[in-house]
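Please read these numbers as outputs of a predicted model, since none were measured by experiment. Excluded from the calculations below are hydrogen atoms, water molecules and symmetry mates; all remaining heavy atoms, backbone and side chain alike, are included.
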Amino acid sequence: MISAQSPEVINFLDLTPEEFHKAIQELGQSKFRATQILDWVYDKNIYDFQEMLNLSKDLRTLLKQRFRLFLPKVIESFKSADGSVKFLLELWDNSRIEMILMPSEKSATLCISSQVGCSRKCKFCATGKLGLTRNLLTSEIIGQILLARKYIKNRKLTNVVFMGMGEPLDNYENVVQAVRIMTHEKAINLSSRKITISTSGVIPKIKLLANEDIKVKLAVSLNAVIDSKRNEIMPINKIFPLADLKKTLLDFRHSTAYKVTYEYVMIKKFNIGNDDVRALLKFLGDQSCKLNLIAWNPVEGLDYEAPNEKEIEEFKAKLAQLQCPIIQRDSRGNDINGACGQLAGKNIERKEGDHGKY
Ligand code: SF4
């Protein structure tokens, strides 16, 4: 059987429009034909070459032989009371991932996965507990977006966030290639301002990203600003400690137009005390950034607790002297296990990846 990774077939959705033009010209076809095919896929949402009726039958057969074009399979979807929809998706090798769609009246934000599992072992995250199965192909990242577009029909997909399963910067090349396709005017045509990559802090890849021709927004899962505490919940901090991370992010900020967003999950009796406030004021005080606060979302098997409203308000009040905008985000989709990873875990093992909780 030919798999999605067999050398004799090319995954159409792995290619930028320029790369597809080149591939089609190597088959003796014109650029015009390549444009027609790109239109079918990205404008008309047709993913079967046989349905591309303005192409000759011979060309459709040739395309079928040389290219694979398919989207992940939706296994289950769950709608939350707040309108968020969580999709459990199956890939060509039966691996499972998830994505969360958060529609509003006219638009929608999509949270996508970048890996099956994750190797970073953040303590608060069950995806991390499973370890890494594999990186997603570019086509599997793009496939999530195309599936979401089919689902929202007349609404516009306005924002894409890499906050689902996996550390996106550990799948750097495929993620960057996906961003190229996402922002290409002949493909998905999203503004790079509307794309956010969320990372646990993979310094060498943040440096690489700063020098790419694509400029996307960066969110950093911070969660503690005292090294010993961050080491405890995010082992990546032992490799890339806070001082180095901060320096890298200051440099990143200078090379892009966008402020870095810090994500801070508030955990009772762990990271919202006075020592944490002092450390946060010092860490963020000289940065042009944004801070998102999210109350801990209970995770089965972990005995952390969410702070109550009074504790959250007190913590926020102590941070008020920061110049940066501070936003408290809701955990959207709580009633469908909205923290990334939980749904995929239901059919394999329990997983709760989370660069961001909704
Ligand atoms: S929080 Fe992100 S980086 Fe950490 S283990 Fe989970 S998916 Fe991986």
Side-chain angles (χ1 to χ4, degrees), residues 109 111-115 118-120 122 125 135 138 141 159-164 166-184 190-227 230-231 233-265 279-294 319 322-327 329 353-356:
T109 294
C111 170
I112 56 175
S113 292
S114 55
Q115 296 183 305
C118 181
S119 68
R120 292 295 174 179
C122 299
C125 167
N135 284 332
T138 295
I141 297 170
N159 293 73
V160 173
V161 293
F162 283 87
M163 290 189 182
E167 163 54 67
L169 296 185
D170 282 342
N171 184 14
Y172 186 84
E173 284 176 14
N174 291 347
V175 164
V176 167
Q177 174 78 344
V179 171
R180 287 189 205 292
I181 297 168
M182 285 155 70
T183 51
H184 200 293
L190 261 182
S191 160
S192 62
R193 279 187 306 119
K194 303 292 186 179
I195 300 168
T196 301
I197 291 180
S198 177
T199 179
S200 56
V202 188
I203 287 179
K205 298 297 166 56
I206 296 173
K207 288 181 178 170
L208 272 183
L209 192 62
N211 293 312
E212 291 287 351
D213 53 345
I214 51 148
K215 300 292 178 199
V216 290
K217 288 188 172 171
L218 191 67
V220 176
S221 190
L222 194 58
N223 306 322
V225 271
I226 296 172
D227 274 310
R230 199 163 188 264
N231 288 348
I233 55 169
M234 299 185 72
I236 190 172
N237 197 68
K238 294 177 194 162
I239 311 167
F240 304 122
L242 283 160
D244 297 347
L245 180 61
K246 179 172 174 178
K247 184 177 177 319
T248 306
L249 293 167
L250 284 170
D251 291 345
F252 184 89
R253 173 71 180 99
H254 289 137
S255 60
T256 67
Y258 311 129
K259 292 179 181 177
V260 171
T261 298
Y262 290 100
E263 307 279 346
Y264 197 93
V265 175
L280 262 171
L281 294 178
K282 189 167 172 223
F283 190 86
L284 300 180
D286 54 354
Q287 295 193 56
S288 168
C289 60
K290 296 179 190 169
L291 175 62
N292 281 349
L293 300 175
I294 309 120
L319 295 175
L322 282 171
Q323 297 298 313
C324 66
I326 302 176
I327 295 160
R329 276 177 41 204
D354 182 47
H355 274 123

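At least one side-chain heavy atom of Val176 sits less than 4.5 Å from a side-chain heavy atom of Leu209. Within the 4.5 Å cutoff, the side chain of Leu218 has no heavy atoms near those of the Thr196 side chain. Considering only heavy atoms from C-beta on, Tyr258 comes within 4.5 Å of Ser192 through its side chain. In this structure the side chain of Ile327 never reaches within 4.5 angstrom of the side chain of Leu291, judged on heavy atoms. Annotation: side chain of Leu280 is in contact with side chain of Tyr264 (closest heavy-atom distance under 4.5 Å). In this structure, Phe162 and Ile195 have side chains that are in contact, with non-hydrogen atoms separated by less than 4.5 Å.
Judged as a side-chain contact (heavy atoms from CB on, under 4.5 Å), and not counting sequence neighbours, the contacts of Ser113 are Ile97, Glu98, Leu136, Gln144, Met165. Judged as a side-chain contact (heavy atoms from CB on, under 4.5 Å), and not counting sequence neighbours, the contacts of Pro325 are Lys290.
Atom OG1 of Thr199 and atom CD of Glu263 lie 11.5 Å apart (nearest 0.5 Å). The distance from the NZ atom of Lys217 to the OG atom of Ser191 is 8.5 Å, given to the nearest 0.5 Å.
Counting only distance, with no hydrogens or angles, the side chain of Lys246 and the backbone of Phe283 share a donor-acceptor pair below 3.5 Å. A donor-acceptor pair is defined here as one N or O able to donate and one able to accept, closer than 3.5 Å; no such pair exists between the side chain of Lys247 and the backbone of Leu242. Using a distance-only test at 3.5 Å, with no hydrogens or angles considered, a donor-acceptor pair links the side chain of Arg230 to the main chain of Leu222.
A salt bridge links Asp213 with Arg180: the distance from a Lys NZ or Arg NE/NH1/NH2 to an Asp or Glu carboxylate oxygen falls below 4.0 Å. Between Lys207 and Glu212, none of the side-chain N atoms (NZ, or NE/NH1/NH2) sits under 4.0 Å from a carboxylate O, so this pair counts as no salt bridge.
Checked by atom type, the side-chain pair Asp170/Asn135 shows no donor-acceptor distance below 3.5 Å. Judged purely by distance below 3.5 Å, without hydrogens or angles, the side chains of Glu167 and Ser114 never pair a donor atom with an acceptor atom.
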